[in-house]
Amino acid sequence: MKDSTFYALVTLGTLGVAGLGYAMYFDYKRRNDPRFRRQLHQPGREKKKAKQQLEEQERLSQSQISVSIENALQKALDKPLPKDPSQKEQMFMEQVAEGERYAALGEAGFEDAAVCFYRALKVYPDPLELIMIYQKTIPQSVLSVIMGMLSQDVKRRQENYYNAFPPEEMHVKIKELSKAAAMGETMTYKTMVANKDFAVGDTIYTELPETTLLVPGLTGSAHCDYCLRVIADGSEAKQCDTCHQVAFCSETCKTTAEEEYHRFLCPGSAAEPIAAAQQLTGTWADKHVLSPMLIAKFFGHMIHVEKKKQEAGEEPEYTVWERLEHLKFLELTGTDDDAKNQELVCDLIGSKITGLENFMNRERYLMLKGKMLYNAIGVRADGSSCPVSLSGEYTRAASTEGLVGAGLYLVSSYLTHSCEPNAVPTFPDGSSRLALQATRPIKVGDEITMTYIAVGDRPVAARQQELMEKYRLTCSCPLCVAKDE
Ligand SMILES: [Zn+2]
Ligand SMILES: [Zn+2]
Ligand SMILES: [Zn+2]
């Protein structure tokens, strides 16, 4: 987890725009320092080694430093950072130059040096790369302070996260509750609680997904590939002009899908097929394995969102990646298929995004898969029936009846399972827009639950087994506990 929170900060708003570059600074450095070029082009293994050294350093650092990390961080964050890329570039160069001056003063200048270098780090498009350069070019003690600031910064962000999420208008909060676990111990877990009272039938909130996936067999022309809506008879489906394999309900859905993911994932035309995209489509269409496609689509979406924020000059409170980081996930041991799928996803998206192959390593790919499997919610539409069963992969759904696809919802992911839930995700537009509806009276502070699996009149043991296999959950809802005794 450490690795991923580390990344959450250092990739802040930068993923996908690494090409921006601060060429001038590097040109300057290259001209003045022949070592610099070699440091820039470290092979992957060295990168890994560098990262391990860093983590080691971070552990050792705390005790040896005489400057206050808290102070330094406060100073570094005091002045607002510029939003415009050219101003960022200018600030970067100024801060690095100033940092070097302070560092040259010896220990007396270390705190100010760290402040400058940290500010430079905050505006640099590939912070991990910069840290690796720092490792070789600035004094160890200064780097230790910088790493301390980084981890403090991450900690603060983590602590503040649930203050502003979910947005107030959704009337729910994320709380840490505890419940009895095995051997008389208690365990804590994050869950959703109501911020006001709801009556049966009330819509608690509505939520749009981060990413969705239509079940195979519905892709051709019956459903919109973006919002999953049934494309009404008589209305003209707007197909992808290249592959003619996906359809959209509107020009908006078509354009958005194109910008977010289809530009990476389009399998190409009959005359010019794109092998990797066809293989990826195949893992879903033929093998019914949903995670690779869902991961690829999520990635496309995330890059698109962050890029737009950056273009608009917004300093995002939290990135989509950080939001994903906060979700629970299944820890998986990878298979050969996972390795192949990871390669496919990297091939497709990495061809357009610099630096993805470093980002999408095995560990991170498996984490994404674990996030998708744990959190994806089945999207249903009236009058449809799910034409496939997902082999080995699944979404939260009370039944496969009417299932048209799956969606990843950042808020609804916090709904915990109960076999006797007090809420149910509904899809009133027949699209992937989720409306959470109360099925029992809910009072302020009550935990809100949904069912992840089919309940019906299945025996407790069967439900518990399925929950354990799919979600590693032991359900302690009234329905399970009452029958247990
Ligand atoms: Zn649509
Ligand atoms: Zn296409
Ligand atoms: Zn239960």
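FYI, the numbering just counts along the sequence from 1. Atoms within each ligand, like the ligands themselves, are counted from 1 in listed order.
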*asked:* For a distance under 2.8 Å, tell me if Cys240 has an N/O/S atom near the Zn ion (ligand 2).
replied: yes
*Going by the angle between their ring planes, with limits at 30° and 60°, are Tyr452 and Tyr374 parallel, tilted or perpendicular?*
perpendicular
*Check whether the ring centres of His326 and Phe165 lie less than 6.0 Å apart, and answer yes or no.*
no
*Closer than 2.8 Å to the Zn ion (ligand 3), do we get an N, O or S atom from His417, backbone or side chain?*
no
*asked:* For the metal site, I want the angle between atom SG of Cys224 and atom SG of Cys253 with the Zn ion (ligand 1) at the apex, to 10°.
replied: 110°
*Using 30° and 60° as the class limits, which term best fits the ring planes of Tyr394 and Tyr471: parallel, tilted or perpendicular?*
perpendicular
*Within 45° of the ring axis of Tyr162 and under 6.0 Å from its six-membered ring centre, is that where the NZ or CZ of Lys173 lies?*
no
*Where does the angle between the aromatic ring planes of His288 and Trp284 fall among parallel (under 30°), tilted (30 to 60°) and perpendicular (over 60°)?*
perpendicular
*asked:* Working to 10°, measure the angle at the Zn ion (ligand 2) formed by atom SG of Cys243 and atom SG of Cys266.
replied: 110°
_Apex the Zn ion (ligand 1); atoms Cys227 SG and Cys249 SG; angle rounded to 10 degrees_ = 110°
*How many degrees, to 10°, between Cys475 SG and Cys480 SG as seen from the Zn ion (ligand 3)?*
110°
